[in-house]
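Please read the structure below before turning to the comments.
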Amino acid sequence: MAGLPQLTAGICARLANSENEDSEELFNSQPTLQLLSFKKVPPTGGGNNVDRYRVIVSDGEHFLQSMLATQLNHLVEEDAISKGAVAVIEKFTCNIVQGKRLLIILALRVLVKTAEKIGSPGSLQGRPEGGASTPAAVTPGPSTSTNATPAPPPVAAAQPARQQTQANRNARAPAVYPIESLSPYQNNWTIKARAMNKSDIRTWVNQRGEGKLFSVTLMDESGEIRATAFNAAVDLFYDKIQEGKVYLVSKAKVNLAKKKFSNVNNEYELTFERNTEVEECLDVTDVPTVKFNFVQISALQDVAKDATCDIIGVVKEVGELSTITSKATSKVIPKRELTVVDRSGYSVRVTLWGKQAEQFEATDQPVIAFKGAKVGDFQGRSLSMMSSSSMHVNPDIPEAHALRGWFDAAGAEQTFQAHTSTFTGGGGITFDRAEVRNLNEVKTAEFGMSDKPEYFCAQATIMHIKNDNISYPACPTQGCGKKVVELGDSWRCEKCDKSYPKPQHRYMVSMAVSDYSGQAWLSGFNDVGQTIFGMSADELVDIRERDDTQYNQVIERAIGNTYNFACRAKQDSYNETTRVRYAINRIIPLNYREEAKYLANILTHSDWAR
DNA sequence: CCCCCCCC
C-alpha cells in the first residue's frame with residue numbers, strides 16, 4: 001500500500017456544513033477523496049434512460065454520499081475507476097436532494113484506479129450520508145410538506161466559486177446552479193445556460209384542447225436540459241430567447257422528462273411559466289457552445305435508421321425550394337434538399353423543412369455542421385432535420401476550417417459516392433451484430449409475418465444448395481438483369497426491347513443454412529452466388545456444360561462454409577399458400593480476426609470471466 | 001398541456 005495519495009482529511013465534514021464556510025476557498029480546494037463504492041441508480045420511471053452512479057466518498061475520517069455527473073459515467077463503465085479508487089475532485093458542487101446533502105462530482109482526475117479502504121471513515125453526526133440508514137429518521141424527508149420546509153441552507157453558498165463570481169457581476173447576483181443539479185425537490189435556483197435548438201412555435205389541437213408551444217435546449221458545463229413554453233409563456237419568451245445566447249433562467253418548473261420524446265440527456269425538463277425569469281447574460285465564459293460528435297458521411301451506412309447524428313461537410317448543391325403534402329395531416333410543408341460532401345468521398349442529401357427551408361440562403365458552398373439530424377434510408381442513406389436538430393453555417397471550429405481548405409484545394413473537383421439502396425429500400429443492408437438472431441428465433445418470432453418486410457442478421461453455415469436451377473439467362477445490359485428468352489439464334493430482352501447474341505447468366509440460389517439453433521432456407525441473387533462459388537454464373541454454366549463432375553465439385557466446395565448474413569423476411573403467397581421467404585441482402589465471408597476480437601471482447605466484459 | 005418532424 002506504499003505510495004497511496006494522501007486524502008484531504010476533514011473535507012467531508014466541511015462540505016456537510018458548507019453553509020458556514022467561505023465557499024470560494026472550499027469549492028476551489030480540489031480535494032483528494034477515496035471513492036468507496038459505486039451503485040448504479042436505474043433511470044426513474046418515465047424519466048430518461050440514462051443510468052447514474054451514486055458514489056460513497058471518503059476523506060479517511062468521514063464518508064459522504066455523492067453522485068457522478070452523467071458525463072463521468074464512462075469512467076465507471078470503462079473500468080477507469082472502481083471500488084476504492086482515489087481521485088482528485090477537480091470540480092464539484094453540493095446540493096440538497098430529498099433533505100440530504102449530496103456532493104455532485106462534475107470532474108475528477110484518477111490517481112489510483114482501485115485500492116483498499118483508507119482509514120475507518122464514519123458517518124457524519126446525525127446525517128445519514130452513508131445511505132444505509134433511514135433519512136426520514138434524522139432529516140425531514142421529501143414527503144413532509146415540501147414547501148413548508150424552509151429551503152435548506154442556501155445552496156448559493158455551495159456553488160463553485162468561479163461561477164458565483166461571474167454571477168456576482170450581474171446586477172442581482174443570483175446563485176448560479178449547474179443544470180446537472182436541478183431537481184423537482186427544490187425550486188430556488190438560477191441556471192446560466194446557452195440556448196440551443198430553439199424550435200419554431202408549434203400549435204396543437206387534441207381532445208384536451210388546443211394551444212401553442214416552443215422548446216429550447218439549455219446547456220452549461222454540467223449538462224443540458226430541454227425547456228418548453230406553452231401558450232402565454234410563448235408570447236413572453238419566444239422573441240426573448242435567441243439561439244446561441246446565454247441566459248440566466250430561474251423560477252421555471254422542473255418536471256420529469258419523458259425521455260422517449262427527446263434525445264436531450266437529462267432526467268428532467270423545464271416548463272417556462274408566467275413568473276419564470278429569463279435574462280440575457282453577457283458574461284458567457286465557461287458556458288460551452290454546441291458539442292458535436294461528427295460521423296463521416298461514408299459511415300452513415302453503419303448508423304441505424306431513425307437515429308440522430310452530427311455531420312459536417314461542404315454544401316455541394318442547394319436544391320430549389322419546393323413543398324410536400326404530409327400524408328398524415330395533409331399539410332403543405334416547404335422543403336429544400338442540400339447535398340453535402342466530406343473528405344470520406346461520400347455525399348448525402350440533407351432535407352430542410354419549413355422556415356429553415358424557406359430562409360436558407362445559397363451562399364457559395366459553405367461548410368455546414370448539422371447536429372441531431374435524423375438518419376433515413378431513402379436512396380441508401382439520407383438525413384432530415386427535425387425541430388431538435390440544428391444547423392451551423394461556417395462554424396469556427398477546426399473541422400470546418402480543415403474541410404474548407406480541403407474543398408477549395410481539391411474537393412471541389414472530386415466526384416462523390418452517394419449511398420445507394422440494395423434493392424430493398426429498407427433496412428438490413430449491412431451485417432450488424434446487434435441484429436443477429438438465431439434461426440430458431442427467426443422462425444418462432446415469426447419474422448416477416450407482418451405486411452412489411454422485416455430484417456435480421458445471422459451467422460450460419462451452408463448445409464445444402466439446390467443445384468437444379470442455380471442460374472438464369474439474363475439481359476447483359478448493365479443494370480437490367482431481366483430474364484431473356486431464346487429466339488432463333490439470339491436472346492431477347494422484353495424490357496430493353498433488344499436482342500443479344502449471348503445472355504449473361506445470373507445466379508438465383510436457394511440454400512439451406514444452419515446455426516446452433518436450427519435451419520432455414522435462404523435465397524440469394526447474383527452477388528450471393530459469386531461469393532459462395534467464387535466465380536461468375538457464366539463460368540459455372542460453362543463448367544456444367546463441359547464437365548458434370550467438376551460442376552458438382554464446385555457446388556460441394558461451397559457446402560460447409562460459414563458466413564455472416566443480412567436477411568429480409570417477407571410474406572409471400574404462391575398457389576394459395578402463404579409462407580415467409582428469407583432473402584439474402586448481404587453475404588459476408590467470416591473475417592476470423594474480427595470474429596475473434598468480438599468473442600474476446602465478450603469474455604473480457606462478462607462477469608463469469610473475472 | 002407537446003411528443004408531429006412529414007415527400008420521393
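What you see is a predicted model, and the numbers here were worked out from it, not measured in a lab. Order of the sequence lines fixes the chain letters, A, B, ..., with proteins taken first and strands second; residue numbering starts at 1 for each chain.
Residue A/R349 is classed as a base contact, given a heavy-atom separation below 4.0 Å to a base. Using a 4.0 Å heavy-atom distance criterion, A/E269 is classed as a base contact. Using a 4.0 Å heavy-atom cutoff across all strands shown, A/T351 reaches at least one base atom of the nucleic acid. No engagement by A/K331 is indicated, since no non-hydrogen atom pair under 4.0 Å with the nucleic acid exists. Here A/N206 lies in heavy-atom contact (under 4.0 Å) with sugar-phosphate atoms only.
With hydrogens and angles left out, the side-chain atoms of A/S222 and A/D220 include a donor and acceptor closer than 3.5 Å. One side chain, A/R226 or A/T217, offers a donor N or O that lies under 3.5 Å from an acceptor on the other.
Mapping A/M385 and A/S382 onto DNA chain B via the closest heavy atom, the residue that lands nearer the 5' end is A/M385. Heavy-atom nearest nucleotides on DNA chain B were determined for A/T325 and for A/T203, and the one closer to the 5' end corresponds to A/T203.
For the pair A/D235 and A/K212, the salt-bridge criterion is met [side-chain N within less than 4.0 Å of a carboxylate O]. Here A/K198 does not pair with A/E243 in a salt bridge; the nearest charged N to carboxylate O distance is not below 4.0 Å. Ion pairing between A/E180 and A/R52 holds under the 4.0 Å rule for side-chain N and carboxylate O.
Looking at heavy atoms from C-beta onward, A/V484 lies out of side-chain contact with A/R492 at the 4.5 angstrom threshold.
In the 5' to 3' direction, nucleotides of DNA chain B lying under 4.0 Å from heavy atoms of chain A begin and end at B/dC1 to B/dC8.
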